[in-house]
**Student:** 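Supplied in C-alpha coordinates, the structure appears directly below.
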There are 2 protein chains.
Amino acid sequence: MPKQTFFNLEPEKREAIIKAAVEEFAQAPFEQASLTKIVEKCGIAKGSMYQYFRDKRDLYLYVVDLAYEQKRAYVSKAFAREGDIFSVLEEYYYQSYAFAREHPLFHQVTNKFWDNKGGALRLELEKGRLSRASDFAKFLDEAMAQGKVNKDLDPEAVFFVYHAVGKELIDHFDQVHSDGFFKRVLDVLRLGLAAREEQAK
Amino acid sequence: MPKQTFFNLEPEKREAIIKAAVEEFAQAPFEQASLTKIVEKCGIAKGSMYQYFRDKRDLYLYVVDLAYEQKRAYVSKAFAREGDIFSVLEEYYYQSYAFAREHPLFHQVTNKFWDNKGGALRLELEKGRLSRASDFAKFLDEAMAQGKVNKDLDPEAVFFVYHAVGKELIDHFDQVHSDGFFKRVLDVLRLGLAAREEQAK
DNA sequence: CCATGATGTGACCGCCCGGTCACTTCTGCA
DNA sequence: TGCAGAAGTGACCGGGCGGTCACATCATGG
(Lines give C-alpha, C1' and ligand atoms only; values in the text may rest on other atoms or scores of the structure.)
Protein backbone atom coordinates (compact mmCIF):
# COMPACT_ATOMS: atom_id res chain seq x y z
CA MET A 1 0.00 0.00 0.00
CA PRO A 2 1.29 3.48 -0.86
CA LYS A 3 2.24 5.83 1.97
CA GLN A 4 -0.02 8.76 2.89
CA THR A 5 2.39 11.11 1.12
CA PHE A 6 1.36 9.60 -2.18
CA PHE A 7 -2.26 10.56 -1.69
CA ASN A 8 -1.28 14.09 -0.66
CA LEU A 9 0.20 14.69 -4.11
CA GLU A 10 -1.49 16.94 -6.65
CA PRO A 11 -3.66 14.61 -8.71
CA GLU A 12 -1.90 15.27 -11.98
CA LYS A 13 1.47 14.32 -10.53
CA ARG A 14 0.00 11.25 -8.91
CA GLU A 15 -1.53 10.17 -12.18
CA ALA A 16 1.70 10.77 -14.07
CA ILE A 17 3.39 8.33 -11.71
CA ILE A 18 0.62 5.80 -12.12
CA LYS A 19 0.70 6.14 -15.88
CA ALA A 20 4.44 5.57 -16.07
CA ALA A 21 4.25 2.59 -13.71
CA VAL A 22 1.36 1.00 -15.58
CA GLU A 23 3.21 1.34 -18.86
CA GLU A 24 6.30 -0.29 -17.44
CA PHE A 25 4.52 -3.17 -15.69
CA ALA A 26 2.43 -3.78 -18.79
CA GLN A 27 5.57 -4.15 -20.81
CA ALA A 28 7.60 -6.41 -18.52
CA PRO A 29 6.94 -8.79 -15.63
CA PHE A 30 7.73 -7.63 -12.12
CA GLU A 31 11.30 -8.86 -11.94
CA GLN A 32 12.26 -7.38 -15.31
CA ALA A 33 10.43 -4.10 -14.93
CA SER A 34 12.72 -1.21 -14.05
CA LEU A 35 11.95 1.26 -11.31
CA THR A 36 14.65 3.51 -12.73
CA LYS A 37 12.81 3.67 -16.05
CA ILE A 38 9.56 4.52 -14.30
CA VAL A 39 10.99 7.49 -12.41
CA GLU A 40 12.71 8.71 -15.57
CA LYS A 41 9.50 8.45 -17.55
CA CYS A 42 7.44 10.51 -15.12
CA GLY A 43 10.26 12.93 -14.33
CA ILE A 44 10.58 12.53 -10.57
CA ALA A 45 13.67 11.70 -8.55
CA LYS A 46 14.17 8.10 -7.56
CA GLY A 47 14.30 9.10 -3.91
CA SER A 48 10.86 10.64 -4.21
CA MET A 49 9.40 7.30 -5.22
CA TYR A 50 10.47 5.98 -1.85
CA GLN A 51 8.50 8.75 -0.18
CA TYR A 52 5.39 7.33 -1.80
CA PHE A 53 6.00 3.58 -1.78
CA ARG A 54 7.90 1.28 0.52
CA ASP A 55 9.66 -0.43 -2.35
CA LYS A 56 9.26 -1.65 -5.92
CA ARG A 57 6.96 -4.46 -4.87
CA ASP A 58 4.68 -2.02 -3.05
CA LEU A 59 4.30 0.07 -6.20
CA TYR A 60 3.74 -3.03 -8.29
CA LEU A 61 1.00 -4.45 -6.12
CA TYR A 62 -0.72 -1.07 -6.12
CA VAL A 63 -0.73 -1.02 -9.92
CA VAL A 64 -1.98 -4.60 -10.07
CA ASP A 65 -4.78 -3.67 -7.68
CA LEU A 66 -5.81 -0.77 -9.90
CA ALA A 67 -5.90 -3.08 -12.89
CA TYR A 68 -8.00 -5.72 -11.17
CA GLU A 69 -10.36 -3.09 -9.82
CA GLN A 70 -11.05 -2.00 -13.39
CA LYS A 71 -11.40 -5.57 -14.55
CA ARG A 72 -13.88 -6.41 -11.81
CA ALA A 73 -16.05 -3.55 -13.01
CA TYR A 74 -16.37 -5.37 -16.32
CA VAL A 75 -16.72 -9.02 -15.42
CA SER A 76 -19.09 -8.41 -12.54
CA LYS A 77 -21.68 -7.45 -15.14
CA ALA A 78 -21.75 -11.06 -16.24
CA PHE A 79 -23.02 -12.40 -12.94
CA ALA A 80 -25.75 -9.78 -12.83
CA ARG A 81 -27.08 -11.01 -16.15
CA GLU A 82 -30.33 -12.92 -16.36
CA GLY A 83 -30.27 -16.26 -18.10
CA ASP A 84 -28.80 -19.73 -17.87
CA ILE A 85 -25.23 -20.56 -16.97
CA PHE A 86 -24.16 -20.61 -20.59
CA SER A 87 -25.21 -17.07 -21.28
CA VAL A 88 -23.50 -15.96 -18.07
CA LEU A 89 -20.30 -17.61 -19.18
CA GLU A 90 -20.54 -16.08 -22.61
CA GLU A 91 -21.00 -12.67 -21.04
CA TYR A 92 -18.08 -13.30 -18.71
CA TYR A 93 -15.74 -14.01 -21.57
CA TYR A 94 -17.14 -11.15 -23.57
CA GLN A 95 -16.66 -8.68 -20.74
CA SER A 96 -13.10 -9.89 -20.24
CA TYR A 97 -12.58 -9.17 -23.88
CA ALA A 98 -14.10 -5.70 -23.58
CA PHE A 99 -11.78 -4.97 -20.68
CA ALA A 100 -8.77 -6.10 -22.68
CA ARG A 101 -9.81 -3.98 -25.63
CA GLU A 102 -10.62 -0.82 -23.68
CA HIS A 103 -7.79 -1.03 -21.14
CA PRO A 104 -5.02 -2.79 -22.99
CA LEU A 105 -2.31 -1.73 -20.56
CA PHE A 106 -4.24 -2.87 -17.50
CA HIS A 107 -5.00 -6.05 -19.36
CA GLN A 108 -1.32 -6.68 -19.94
CA VAL A 109 -0.56 -5.95 -16.31
CA THR A 110 -3.05 -8.56 -15.12
CA ASN A 111 -1.79 -11.03 -17.68
CA LYS A 112 1.80 -10.64 -16.60
CA PHE A 113 0.71 -10.80 -12.99
CA TRP A 114 -0.76 -14.24 -13.01
CA ASP A 115 1.96 -15.53 -15.24
CA ASN A 116 4.23 -14.96 -12.29
CA LYS A 117 4.23 -18.48 -10.88
CA GLY A 118 7.41 -18.21 -8.91
CA GLY A 119 8.35 -15.40 -6.61
CA ALA A 120 6.66 -13.96 -3.57
CA LEU A 121 3.48 -13.01 -5.39
CA ARG A 122 2.16 -16.54 -5.51
CA LEU A 123 0.08 -16.20 -2.38
CA GLU A 124 -1.88 -13.17 -3.57
CA LEU A 125 -2.50 -14.99 -6.84
CA GLU A 126 -3.86 -18.14 -5.28
CA LYS A 127 -6.17 -16.10 -3.08
CA GLY A 128 -7.82 -14.54 -6.13
CA ARG A 129 -8.18 -17.88 -7.86
CA LEU A 130 -9.99 -19.39 -4.90
CA SER A 131 -12.44 -16.53 -4.67
CA ARG A 132 -13.28 -16.81 -8.36
CA ALA A 133 -13.60 -20.58 -7.96
CA SER A 134 -16.21 -20.20 -5.27
CA ASP A 135 -18.23 -17.70 -7.36
CA PHE A 136 -18.21 -20.15 -10.21
CA ALA A 137 -19.00 -23.14 -8.02
CA LYS A 138 -22.18 -21.48 -6.80
CA PHE A 139 -23.48 -21.04 -10.35
CA LEU A 140 -22.46 -24.53 -11.29
CA ASP A 141 -24.14 -26.22 -8.34
CA GLU A 142 -27.33 -24.32 -9.08
CA ALA A 143 -27.27 -25.31 -12.75
CA MET A 144 -26.62 -28.95 -11.85
CA ALA A 145 -29.49 -28.96 -9.40
CA GLN A 146 -31.77 -27.63 -12.12
CA GLY A 147 -30.67 -30.41 -14.45
CA LYS A 148 -29.27 -27.96 -16.97
CA VAL A 149 -25.78 -29.31 -16.50
CA ASN A 150 -24.60 -32.86 -16.81
CA LYS A 151 -24.70 -34.38 -13.34
CA ASP A 152 -22.04 -36.97 -14.14
CA LEU A 153 -19.34 -34.34 -14.28
CA ASP A 154 -16.93 -33.52 -11.49
CA PRO A 155 -17.48 -29.86 -10.53
CA GLU A 156 -13.80 -29.46 -9.78
CA ALA A 157 -12.90 -30.71 -13.25
CA VAL A 158 -15.49 -28.41 -14.80
CA PHE A 159 -14.01 -25.42 -13.06
CA PHE A 160 -10.56 -26.50 -14.07
CA VAL A 161 -11.57 -26.66 -17.73
CA TYR A 162 -13.37 -23.32 -17.74
CA HIS A 163 -10.57 -21.66 -15.90
CA ALA A 164 -8.02 -23.02 -18.38
CA VAL A 165 -10.01 -21.98 -21.42
CA GLY A 166 -10.79 -18.54 -20.02
CA LYS A 167 -7.16 -17.97 -19.22
CA GLU A 168 -6.08 -19.00 -22.70
CA LEU A 169 -8.72 -16.81 -24.33
CA ILE A 170 -7.66 -13.83 -22.27
CA ASP A 171 -4.04 -14.56 -23.04
CA HIS A 172 -4.70 -14.40 -26.74
CA PHE A 173 -7.19 -11.58 -26.98
CA ASP A 174 -4.68 -9.81 -29.17
CA GLN A 175 -4.81 -12.53 -31.82
CA VAL A 176 -8.32 -13.86 -31.36
CA HIS A 177 -10.57 -10.88 -31.87
CA SER A 178 -13.43 -12.48 -33.69
CA ASP A 179 -16.62 -12.21 -31.67
CA GLY A 180 -17.90 -15.44 -33.12
CA PHE A 181 -14.91 -17.36 -31.87
CA PHE A 182 -16.01 -17.03 -28.23
CA LYS A 183 -19.30 -18.57 -29.11
CA ARG A 184 -17.69 -21.45 -30.97
CA VAL A 185 -15.33 -22.12 -28.09
CA LEU A 186 -18.23 -22.11 -25.67
CA ASP A 187 -20.06 -24.51 -27.98
CA VAL A 188 -17.19 -26.94 -27.63
CA LEU A 189 -17.46 -26.75 -23.86
CA ARG A 190 -21.25 -26.87 -23.83
CA LEU A 191 -21.82 -29.68 -26.28
CA GLY A 192 -18.70 -31.74 -25.72
CA LEU A 193 -16.68 -33.53 -28.30
CA ALA A 194 -18.62 -36.77 -28.34
CA ALA A 195 -21.39 -36.82 -30.95
CA ARG A 196 -24.87 -36.40 -29.53
CA GLU A 197 -27.77 -38.57 -30.45
CA GLU A 198 -30.38 -35.94 -29.73
CA GLN A 199 -30.67 -32.92 -31.97
CA ALA A 200 -28.05 -30.57 -30.62
CA LYS A 201 -28.54 -27.04 -31.76
CA MET B 1 23.69 -24.77 -31.56
CA PRO B 2 26.80 -25.51 -29.51
CA LYS B 3 30.20 -25.20 -31.17
CA GLN B 4 32.14 -28.28 -32.17
CA THR B 5 34.39 -27.79 -29.15
CA PHE B 6 31.51 -28.70 -26.89
CA PHE B 7 31.10 -32.12 -28.47
CA ASN B 8 34.85 -32.75 -28.25
CA LEU B 9 34.63 -32.58 -24.44
CA GLU B 10 34.94 -35.67 -22.29
CA PRO B 11 31.37 -36.85 -21.76
CA GLU B 12 31.39 -36.42 -18.01
CA LYS B 13 32.42 -32.79 -18.27
CA ARG B 14 29.86 -32.19 -20.98
CA GLU B 15 27.16 -33.70 -18.84
CA ALA B 16 28.21 -31.70 -15.81
CA ILE B 17 27.66 -28.55 -17.86
CA ILE B 18 24.31 -29.77 -19.11
CA LYS B 19 23.23 -30.72 -15.61
CA ALA B 20 24.10 -27.32 -14.17
CA ALA B 21 22.40 -25.51 -17.05
CA VAL B 22 19.24 -27.61 -16.80
CA GLU B 23 19.02 -26.96 -13.08
CA GLU B 24 19.36 -23.23 -13.58
CA PHE B 25 16.90 -22.95 -16.46
CA ALA B 26 14.42 -25.14 -14.60
CA GLN B 27 14.56 -22.74 -11.70
CA ALA B 28 14.27 -19.43 -13.54
CA PRO B 29 13.07 -18.20 -16.93
CA PHE B 30 15.67 -17.28 -19.53
CA GLU B 31 16.07 -13.63 -18.62
CA GLN B 32 16.42 -14.29 -14.90
CA ALA B 33 18.64 -17.35 -15.19
CA SER B 34 22.28 -16.60 -14.46
CA LEU B 35 25.09 -17.82 -16.64
CA THR B 36 27.49 -16.95 -13.84
CA LYS B 37 25.71 -19.35 -11.50
CA ILE B 38 25.83 -22.09 -14.10
CA VAL B 39 29.58 -21.87 -14.59
CA GLU B 40 30.11 -21.74 -10.83
CA LYS B 41 27.92 -24.78 -10.30
CA CYS B 42 29.79 -26.95 -12.77
CA GLY B 43 33.21 -25.56 -11.91
CA ILE B 44 34.38 -24.24 -15.25
CA ALA B 45 35.60 -20.76 -16.12
CA LYS B 46 33.13 -18.36 -17.62
CA GLY B 47 35.37 -17.90 -20.63
CA SER B 48 35.24 -21.62 -21.30
CA MET B 49 31.50 -21.49 -21.70
CA TYR B 50 32.05 -19.17 -24.63
CA GLN B 51 34.26 -21.79 -26.24
CA TYR B 52 31.27 -24.13 -26.26
CA PHE B 53 28.34 -21.79 -26.89
CA ARG B 54 27.97 -18.56 -28.78
CA ASP B 55 26.13 -16.89 -25.93
CA LYS B 56 23.62 -17.44 -23.14
CA ARG B 57 20.76 -17.81 -25.60
CA ASP B 58 22.62 -20.51 -27.52
CA LEU B 59 23.07 -22.54 -24.36
CA TYR B 60 19.46 -22.01 -23.40
CA LEU B 61 18.01 -23.14 -26.70
CA TYR B 62 20.23 -26.22 -26.57
CA VAL B 63 18.85 -27.13 -23.14
CA VAL B 64 15.29 -26.50 -24.29
CA ASP B 65 15.89 -28.77 -27.27
CA LEU B 66 17.13 -31.53 -25.00
CA ALA B 67 14.04 -31.18 -22.85
CA TYR B 68 11.64 -31.31 -25.79
CA GLU B 69 13.49 -34.25 -27.27
CA GLN B 70 12.81 -36.18 -24.07
CA LYS B 71 9.22 -35.03 -23.99
CA ARG B 72 8.59 -36.10 -27.55
CA ALA B 73 9.74 -39.59 -26.63
CA TYR B 74 6.85 -39.73 -24.18
CA VAL B 75 3.96 -38.07 -25.95
CA SER B 76 4.65 -39.73 -29.29
CA LYS B 77 3.51 -42.97 -27.68
CA ALA B 78 0.01 -41.54 -27.54
CA PHE B 79 -0.38 -41.22 -31.29
CA ALA B 80 0.85 -44.76 -31.80
CA ARG B 81 -1.92 -46.05 -29.58
CA GLU B 82 -4.87 -47.95 -31.02
CA GLY B 83 -8.32 -46.68 -30.20
CA ASP B 84 -10.60 -43.73 -30.66
CA ILE B 85 -9.63 -40.10 -30.35
CA PHE B 86 -10.60 -39.98 -26.69
CA SER B 87 -8.25 -42.74 -25.66
CA VAL B 88 -5.48 -41.11 -27.67
CA LEU B 89 -6.06 -37.84 -25.85
CA GLU B 90 -6.11 -39.54 -22.50
CA GLU B 91 -2.84 -41.24 -23.30
CA TYR B 92 -1.39 -37.93 -24.47
CA TYR B 93 -2.17 -36.23 -21.17
CA TYR B 94 -1.02 -39.25 -19.24
CA GLN B 95 2.31 -39.39 -21.06
CA SER B 96 2.82 -35.68 -20.47
CA TYR B 97 2.28 -36.40 -16.82
CA ALA B 98 4.74 -39.29 -16.86
CA PHE B 99 7.31 -37.02 -18.44
CA ALA B 100 6.77 -34.37 -15.80
CA ARG B 101 7.07 -36.95 -13.04
CA GLU B 102 10.16 -38.71 -14.37
CA HIS B 103 12.00 -35.64 -15.65
CA PRO B 104 10.87 -32.86 -13.37
CA LEU B 105 13.71 -30.52 -14.31
CA PHE B 106 13.15 -30.93 -18.03
CA HIS B 107 9.46 -30.44 -17.36
CA GLN B 108 10.11 -27.16 -15.64
CA VAL B 109 12.38 -26.06 -18.46
CA THR B 110 9.66 -26.66 -21.04
CA ASN B 111 7.08 -24.97 -18.83
CA LYS B 112 9.20 -21.86 -18.39
CA PHE B 113 9.98 -21.90 -22.09
CA TRP B 114 6.49 -21.50 -23.41
CA ASP B 115 5.60 -19.09 -20.68
CA ASN B 116 8.03 -16.76 -22.39
CA LYS B 117 5.59 -14.76 -24.47
CA GLY B 118 7.77 -11.74 -25.00
CA GLY B 119 11.36 -11.78 -26.09
CA ALA B 120 13.07 -13.21 -29.12
CA LEU B 121 11.96 -16.78 -28.42
CA ARG B 122 8.45 -16.21 -29.62
CA LEU B 123 9.10 -17.43 -33.15
CA GLU B 124 10.47 -20.81 -32.08
CA LEU B 125 7.49 -21.19 -29.81
CA GLU B 126 4.88 -20.49 -32.44
CA LYS B 127 6.54 -22.93 -34.80
CA GLY B 128 6.10 -25.74 -32.30
CA ARG B 129 2.49 -24.84 -31.68
CA LEU B 130 1.63 -25.01 -35.36
CA SER B 131 3.23 -28.42 -35.79
CA ARG B 132 1.29 -29.79 -32.84
CA ALA B 133 -1.88 -28.20 -34.20
CA SER B 134 -1.56 -30.01 -37.50
CA ASP B 135 -0.99 -33.37 -35.78
CA PHE B 136 -4.11 -32.82 -33.77
CA ALA B 137 -6.14 -31.56 -36.71
CA LYS B 138 -5.50 -34.78 -38.62
CA PHE B 139 -6.91 -36.89 -35.80
CA LEU B 140 -9.83 -34.58 -35.35
CA ASP B 141 -10.82 -34.53 -39.03
CA GLU B 142 -10.68 -38.30 -39.09
CA ALA B 143 -12.85 -38.61 -36.01
CA MET B 144 -15.37 -36.14 -37.41
CA ALA B 145 -15.56 -38.01 -40.70
CA GLN B 146 -16.31 -41.21 -38.78
CA GLY B 147 -19.08 -39.45 -36.90
CA LYS B 148 -17.42 -40.02 -33.56
CA VAL B 149 -17.07 -36.31 -32.98
CA ASN B 150 -19.75 -33.69 -33.06
CA LYS B 151 -19.82 -32.29 -36.60
CA ASP B 152 -21.28 -28.96 -35.47
CA LEU B 153 -18.09 -27.94 -33.75
CA ASP B 154 -15.46 -25.64 -35.18
CA PRO B 155 -12.21 -27.62 -35.41
CA GLU B 156 -10.21 -24.51 -34.65
CA ALA B 157 -12.20 -23.94 -31.47
CA VAL B 158 -11.79 -27.59 -30.51
CA PHE B 159 -8.06 -27.37 -30.86
CA PHE B 160 -8.05 -24.14 -28.91
CA VAL B 161 -9.90 -25.74 -26.02
CA TYR B 162 -7.76 -28.87 -25.93
CA HIS B 163 -4.62 -26.87 -26.15
CA ALA B 164 -5.71 -24.62 -23.29
CA VAL B 165 -6.69 -27.50 -21.04
CA GLY B 166 -3.57 -29.48 -21.84
CA LYS B 167 -1.42 -26.49 -21.07
CA GLU B 168 -3.15 -25.88 -17.78
CA LEU B 169 -2.89 -29.53 -16.78
CA ILE B 170 0.79 -29.60 -17.57
CA ASP B 171 1.27 -26.36 -15.70
CA HIS B 172 -0.22 -27.83 -12.57
CA PHE B 173 1.14 -31.35 -12.63
CA ASP B 174 2.79 -30.55 -9.34
CA GLN B 175 -0.53 -29.92 -7.61
CA VAL B 176 -2.85 -32.17 -9.61
CA HIS B 177 -1.34 -35.60 -9.31
CA SER B 178 -4.44 -37.68 -9.07
CA ASP B 179 -4.68 -40.09 -12.01
CA GLY B 180 -8.44 -39.94 -11.92
CA PHE B 181 -8.48 -36.22 -12.38
CA PHE B 182 -7.26 -36.49 -15.98
CA LYS B 183 -10.14 -38.76 -16.77
CA ARG B 184 -12.65 -36.44 -15.16
CA VAL B 185 -11.28 -33.46 -17.03
CA LEU B 186 -11.48 -35.39 -20.28
CA ASP B 187 -15.06 -36.33 -19.40
CA VAL B 188 -15.92 -32.65 -19.22
CA LEU B 189 -14.46 -32.12 -22.68
CA ARG B 190 -15.98 -35.26 -24.12
CA LEU B 191 -19.49 -34.98 -22.77
CA GLY B 192 -19.85 -31.23 -22.60
CA LEU B 193 -21.56 -29.25 -19.91
CA ALA B 194 -25.07 -29.37 -21.35
CA ALA B 195 -27.09 -32.27 -20.02
CA ARG B 196 -27.53 -35.11 -22.49
CA GLU B 197 -30.81 -36.76 -23.17
CA GLU B 198 -29.29 -40.08 -24.19
CA GLN B 199 -27.64 -42.28 -21.62
CA ALA B 200 -24.14 -40.91 -21.37
CA LYS B 201 -21.75 -43.38 -19.83
C1' DC C 1 11.14 36.88 9.59
C1' DC C 2 12.44 32.69 11.33
C1' DA C 3 11.89 27.88 13.02
C1' DT C 4 10.25 23.43 12.10
C1' DG C 5 8.84 19.51 9.98
C1' DA C 6 7.30 17.54 5.57
C1' DT C 7 8.68 16.83 0.97
C1' DG C 8 11.96 16.51 -2.97
C1' DT C 9 16.49 15.25 -4.82
C1' DG C 10 20.23 12.79 -7.36
C1' DA C 11 24.78 11.22 -6.49
C1' DC C 12 26.11 7.22 -4.70
C1' DC C 13 26.29 2.25 -2.76
C1' DG C 14 26.85 -2.64 -3.35
C1' DC C 15 25.52 -6.12 -6.20
C1' DC C 16 25.00 -8.93 -10.19
C1' DC C 17 24.86 -9.45 -14.99
C1' DG C 18 26.58 -11.10 -19.96
C1' DG C 19 30.46 -10.90 -22.42
C1' DT C 20 35.72 -10.17 -23.60
C1' DC C 21 40.58 -10.96 -24.08
C1' DA C 22 45.39 -11.31 -23.08
C1' DC C 23 47.41 -14.91 -21.31
C1' DT C 24 48.46 -19.84 -19.73
C1' DT C 25 48.12 -24.70 -20.34
C1' DC C 26 47.44 -28.71 -22.89
C1' DT C 27 47.93 -31.91 -26.89
C1' DG C 28 49.53 -34.18 -30.80
C1' DC C 29 52.42 -34.22 -34.66
C1' DA C 30 56.97 -33.34 -37.15
C1' DT D 1 62.11 -32.35 -28.12
C1' DG D 2 60.05 -28.37 -30.05
C1' DC D 3 56.35 -26.00 -31.74
C1' DA D 4 51.82 -24.65 -33.47
C1' DG D 5 47.22 -24.57 -32.74
C1' DA D 6 43.39 -25.83 -29.74
C1' DA D 7 41.42 -25.35 -25.28
C1' DG D 8 41.01 -23.23 -20.74
C1' DT D 9 41.11 -19.29 -17.66
C1' DG D 10 39.54 -15.44 -14.55
C1' DA D 11 40.29 -10.61 -13.97
C1' DC D 12 38.04 -7.16 -16.00
C1' DC D 13 34.59 -4.19 -18.64
C1' DG D 14 30.46 -1.42 -19.15
C1' DG D 15 25.99 -1.35 -17.75
C1' DG D 16 21.70 -1.82 -15.11
C1' DC D 17 19.57 -2.68 -10.99
C1' DG D 18 16.94 -1.52 -6.23
C1' DG D 19 17.65 1.14 -2.56
C1' DT D 20 19.87 4.98 0.63
C1' DC D 21 21.03 9.33 2.61
C1' DA D 22 22.90 13.84 3.41
C1' DC D 23 21.29 17.77 1.86
C1' DA D 24 18.15 21.32 -0.56
C1' DT D 25 13.59 23.17 -0.88
C1' DC D 26 9.12 24.21 0.49
C1' DA D 27 4.94 25.24 3.29
C1' DT D 28 3.12 26.55 7.54
C1' DG D 29 2.21 29.02 11.73
C1' DG D 30 4.19 31.65 15.57
Side-chain angles (χ1 to χ4, degrees), chain A residues 1-64 112 116 118-121, chain B residues 1-64 112 116 118-121:
Chain A
M1 221 174 40
K3 301 181 184 175
Q4 183 55 43
T5 318
F6 181 66
F7 298 106
N8 296 343
L9 254 36
E10 308 106 87
E12 58 178 61
K13 187 169 181 180
R14 195 166 59 232
E15 271 153 38
I17 292 171
I18 291 174
K19 179 164 176 276
V22 167
E23 283 172 5
E24 179 67 12
F25 289 125
Q27 189 252 332
F30 174 70
E31 291 87 353
Q32 267 125 280
S34 159
L35 220 160
T36 306
K37 279 184 192 158
I38 293 173
V39 300
E40 278 169 2
K41 202 180 296 189
C42 65
I44 68 169
K46 196 189 271 186
S48 297
M49 198 58 105
Y50 287 84
Q51 303 275 358
Y52 312 141
F53 298 90
R54 200 160 50 80
D55 53 17
K56 182 187 176 186
R57 180 195 154 100
D58 191 24
L59 168 60
Y60 178 64
L61 290 180
Y62 177 66
V63 167
V64 168
K112 294 220 161 60
N116 191 301
L121 307 162
Chain B
M1 220 177 37
K3 303 180 183 175
Q4 183 55 44
T5 318
F6 180 65
F7 297 107
N8 295 343
L9 254 37
E10 308 107 86
E12 59 178 59
K13 187 170 182 180
R14 196 166 58 230
E15 271 154 37
I17 293 171
I18 291 174
K19 179 163 177 277
V22 167
E23 282 171 6
E24 180 67 12
F25 289 125
Q27 190 252 333
F30 174 70
E31 291 86 352
Q32 268 126 278
S34 159
L35 218 160
T36 306
K37 279 184 194 159
I38 293 174
V39 301
E40 278 169 3
K41 203 181 297 191
C42 65
I44 68 171
K46 197 189 270 188
S48 297
M49 198 58 106
Y50 287 84
Q51 303 276 358
Y52 311 141
F53 298 90
R54 200 160 51 80
D55 53 17
K56 182 186 176 187
R57 180 195 153 98
D58 191 25
L59 168 61
Y60 178 64
L61 290 180
Y62 177 65
V63 167
V64 168
K112 296 221 159 63
N116 192 300
L121 307 162

**Student:** Give every pair of a protein N or O atom and an N or O atom of nucleotides 12-15 of chain D that lie under 3.5 Å apart, one pair per line with the distance.
**Tutor:**
none

**Student:** In whole Å, what is the span from the NZ atom of A:K56 to the C1' atom of D:dG19?
**Tutor:** 12 Å
**Student:** Quick check on the helix from C:dC1-D:dG30 to C:dA30-D:dT1: what's the angle between its two end axes, five base pairs per end, to the nearest 10°?
**Tutor:** 20°
**Student:** Report which part of the nucleic acid B:Y52 touches: base, sugar-phosphate, or nothing (heavy-atom distance under 4.0 Å, all strands).
**Tutor:** sugar-phosphate
**Student:** B:A45 side chain: which of D:dG8, D:dG10, D:dC17 is closest?
**Tutor:** D:dG10
**Student:** Between D:dA7 and B:Y50, is there an OP1 or OP2 to side-chain N/O distance shorter than 4.0 Å?
**Tutor:** no
**Student:** CE of A:M49 versus C1' of D:dC17: gap in Å, rounded?
**Tutor:** 15 Å
**Student:** Please identify each residue that fulfils side-chain hydrogen bond (donor to acceptor under 3.5 Å, both in side chains) with B:T5, with sequence neighbours left out.
**Tutor:** none
**Student:** For D:dG16 and A:T36 - does any side-chain N or O of the residue sit under 4.0 Å from the phosphate oxygens OP1/OP2?
**Tutor:** no
**Student:** Taking 5' to 3' order, which nucleotide of DNA chain C is first and which is last to have an atom within less than 4.0 Å of a heavy atom in chain A?
**Tutor:** C:dT7 to C:dG10
**Student:** Whole Å only: how far is the CG atom of A:D55 from the P atom of D:dG19?
**Tutor:** 5 Å
**Student:** In chain order, what residues pass the salt bridge (Lys or Arg N to Asp or Glu O under 4.0 Å) check against B:K19, with sequence neighbours excluded?
**Tutor:** B:E23
**Student:** Any idea how A:F7 and A:Y62 line up, ring-wise: parallel (<30°), tilted (30 to 60°), or perpendicular (>60°)?
**Tutor:** perpendicular
**Student:** What residues from residues 6-19 of chain B pass a heavy-atom cutoff of under 4.0 Å to DNA chain D?
**Tutor:** B:N8, B:L9, B:K13
**Student:** Pick base, sugar-phosphate or nothing for B:S48, based on heavy-atom distances below 4.0 Å to the nucleic acid.
**Tutor:** base
**Student:** Check A:E24, A:E40, A:K56 against A:L35 for a side-chain contact (heavy atoms from CB on, under 4.5 Å) and give me the one that passes.
**Tutor:** A:K56
